[in-house]
Amino acid sequence: MSPSPTLGAIAPQAASSTRQSSKRPRSRTAGYGLYREGPLIGRITDGAGLLVTGTLLYGQLWTTPGLIDEFGEEAIIGRYSRAVLPNGQEYPVCIALGGSDGRMPREPSEKPGTFRMLRDSPISAVWRWP
């Protein structure tokens with residue numbers, strides 16, 4: 001089994017790399033970016049399999065009141081539906097931001113309509129949206 005690819009945020013949305021653990025970073029903003037609900041763009045920073053380094057993923061990021069992750073923390077849902085390889089080839093994909101449950105923790109932000117989320121986060125290929 002090949003390792004999961006690593007996805008890095010490149011736009012006011014997106015993510016990917018090591019799994020979220022129950023331990024939070026010491027600083028509540030270390031490694032976090034400022035995001036808002038809407039279009040989502042990510043870039044594979046450590047490719048594996050068909051998702052080579054530099055592949056762009058396009059999708060959508062949602063926040064919903066009451067949405068929580070596996071640790072009971074406020075969460076977001078991110079889904080990627082299109083991959084564009086560095087050579088320009090495009091493919092439809094079903095990739096969830098975060099683990100196979102398709103959720104990522106989020107932190108509150110001082111700016112209205114925004115939230116903080118890890119800049120690097122895991123992604124999971126899925127057969128259907130969680």
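Contact between Y91 and L85 at its shortest, heavy atoms only, is CE1-CD1, 3.5 Å. The two residues V93 and A83 have their closest heavy-atom pair at CG1-CB, 3.8 Å. Contact between Y80 and I123 at its shortest, heavy atoms only, is CE1-CG2, 4.2 Å. Closest non-hydrogen pair, L118 versus Y35, comes out as O-OH, 4.0 Å.
Salt bridge annotation for E90-R82: present, with a cationic side-chain nitrogen under 4.0 angstrom from a carboxylate oxygen.
Counting heavy atoms from C-beta on, the side chains of R116 and E110 come closer than 4.5 Å. Put simply, the side chain of M117 reaches to within 4.5 Å of the side chain of M104, judged on heavy atoms. Between R103 and F71 the shortest side-chain heavy-atom distance does not fall below 4.5 Å.
For I68, the side-chain contact (heavy atoms from CB on, under 4.5 Å) test picks out no residue, with sequence neighbours left out.
In this structure a side-chain-to-backbone donor-acceptor pair under 3.5 Å is missing from R79 to Q60. Counting only distance, with no hydrogens or angles, the side chain of E37 and the backbone of T63 share a donor-acceptor pair below 3.5 Å. Looking only at distances, a side-chain donor or acceptor of S124 sits under 3.5 Å from a matching main-chain atom of G98.
L97 pairs with exactly one of I77, L57, I76 by the side chain to side chain contact (heavy atoms under 4.5 Å, CB included) rule, that one being I76.
In this structure, L67 places its CG atom where more than 12 heavy-atom neighbours from other residues, nucleotides or ligands lie under 6.0 Å away.
For R106 and F115, the positive end sits near the middle of the six-membered ring, less than 6.0 Å away and at most 45° from its axis.
Linking ILVMFWY residues whenever their side-chain heavy atoms come closer than 4.5 Å, directly or via other members, leaves L56 and V52 in distinct clusters.
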